[in-house]
Amino acid sequence: MPEQTIEVLPDLAAISRAAADDLLRVAAQAVKDRSRCLVALSGGSTPQQLYTLLTQPPYREHLPWNQMFFFWGDERCVPPTDPESSYGLAKRLLFDHAPVPAENIHRIPGELDPAETARIYADQLREFAMEDMRWPHLDWVLLGLGADGHTASLFPGKTSREEGELPVIPAKAEYQGRPAQRVTLTPLVFNAAWQVVFLVSGAEKADAVAGTLEGARDPVRWPAQRIQPEEGRVVWLVDQPAAGKLKK
Ligand code: 6PG
């Protein structure tokens with residue numbers, strides 16, 4: 001079982017700041033140890049305050065942007081200019097306002113056929129892998145949690161053979177009317193990460209947080225339970241409303 005900590009803070013602003021501080025610390029250590037920091041971002045609404053925060057002091061001045069390489073945990077199968085694009089969201093809120101070299105940004109090409117997208121992205125990840133690995137140890141992975149318990153595009157009730165064999169797979173699910181066709185990293189990649197941060201806000205997530213963290217072990221029902229880094233740490237940054245049904 002990986003080292004896992006749960007931090008409950010008052011609101012979205014507080015967990016966003018905690019996530020920014022965590023990235024600052026992890027990025028400095030990763031650059032010191034490995035001269036680079038590989039970051040996987042998330043889509044959705046929760047990370048938006050965090051992305052904006054990173055473009056402001058002290059983060060803007062102190063993050064090692066030149067040695068940071070950006071990936072995504074998943075992407076909707078839409079063009080990068082589509083309002084639903086997770087890449088597009090990060091570009092609008094973060095990359096257009098911070099000195100990130102364009103060549104350091106590795107978006108998932110959601111505009112292509114999903115199977116082709118998955119193949120292309122698996123090849124991109126392999127370029128950053130060490131020695132004989134097929135994917136890298138990501139240094140900092142940001143994940144959200146859906147009200148139904150999904151994380152990235154790993155949805156409840158759906159596991160596949162491919163999820164246990166491939167680093168990147170197409171996925172399909174219905175959630176809040178968002179694009180159903182997705183491409184997602186699998187637990188193979190998430191579980192090789194050094195630091196996984198779940199950023200969860202809002203009372204509508206309380207059941208999913210309690211089910212994932214305090215419910216029976218049921219990774220099919222609670223996909224975030226599939227995220228068990230072999231050597232890395234998992235940090236849950238949860239605001240009070242989202243933690244409302246936690247017993248402990
Ligand atoms: C996405 C994310 C997805 C998200 C959750 C929570 O592309 O939507 O990968 O897993 O993190 O659905 O979304 P909210 O932050 O909008 O609640």
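Both counts, for ligands and for their atoms, begin at 1 and track the order of listing. Here the structure is a predicted model, which is why all the values come from computation and not from measurement. Side-chain atoms are counted along with the backbone in the values below, which use heavy atoms only and exclude waters and symmetry mates.
- In summary, Glu163 and Arg226 engage in a salt bridge, as defined by a charged side-chain N under 4.0 Å from a carboxylate O.
- Every atom of ligand 1 with a heavy atom of Ser42 under 4.0 Å away is listed here by number and element: 2 (C), 9 (O), 11 (O).
- Here is the list of ligand 1 atoms found below 4.0 Å of a heavy atom in Lys205: 6 (C), 14 (P), 17 (O).
- Interface of His150 with ligand 1, defined as ligand atoms under 4.0 Å from a residue heavy atom, comprises 3 (C), 5 (C), 10 (O), 12 (O).
- In terms of polar-atom proximity, defined here as any N/O pair under 3.5 Å, Arg76 does make such a contact with ligand 1.
- By the 30° and 60° cut-offs, the orientation of the rings of Phe71 relative to His106 is parallel.
- With respect to the salt-bridge test (charged N to carboxylate O, under 4.0 angstrom), the residues Asp139 and Arg34 qualify.
- Atoms of ligand 1 found under 4.0 Å from any heavy atom of Ser86, numbered from 1 in the order shown, are 7 (O).
- Taking distance alone, with nitrogen or oxygen atoms compared against 3.5 Å, Pro47 stays at or beyond that limit from ligand 1.
- With contacts defined as side-chain heavy-atom distances shorter than 4.5 Å, the pair Arg76/Arg178 qualifies.
- Comparing Glu75, Gln176, Arg178 by heavy-atom distance to atom 16 (O) of ligand 1, the nearest is Arg178.
- For atom 10 (O) of ligand 1, the nearest non-hydrogen atom of the protein is Ala152 O, 2.7 Å.
- If you check each of Thr151, Leu199, Asp74 against atom 9 (O) of ligand 1, the one with the closest non-hydrogen atom is Asp74.
- Residue Ser201 does not touch ligand 1, judged by heavy-atom distances below 4.0 Å.
- With 3.5 Å as the limit, one finds a donor-acceptor pair spanning the side chains of Gln195 and Arg233.
- Listed by atom number, the atoms of ligand 1 under 4.0 Å from Leu145 heavy atoms are 6 (C).
- Using bins of under 30°, 30° to 60° and over 60° for the plane-to-plane angle, the ring pair Phe155/Tyr175 lands in the tilted bin.
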Asn104 and Trp65: CA distance, side-chain angles, deciding distance, side chain to side chain donor-acceptor pair (under 3.5 Å) verdict: CA-CA 9 Å; Asn104 288 23; Trp65 299 107; over 6 Å; no
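- Gln225 CD to Thr151 OG1: the interatomic distance, rounded to the nearest 0.5 Å, is 12.0 Å.
- Remark: ligand 1 and Thr46 share an N or O pair separated by less than 3.5 Å (distance only, no angle test).
- When each of Thr184, Asp74, Thr186 is paired with Ser153, the side-chain hydrogen bond (donor to acceptor under 3.5 Å, both in side chains) condition holds for Asp74 and for no other.
- Here is the list of ligand 1 atoms found below 4.0 Å of a heavy atom in Gly144: 11 (O).
- If you number the atoms of ligand 1 from 1 as listed, the ones under 4.0 Å from a heavy atom of Ser45 come out as 14 (P), 15 (O), 16 (O), 17 (O).
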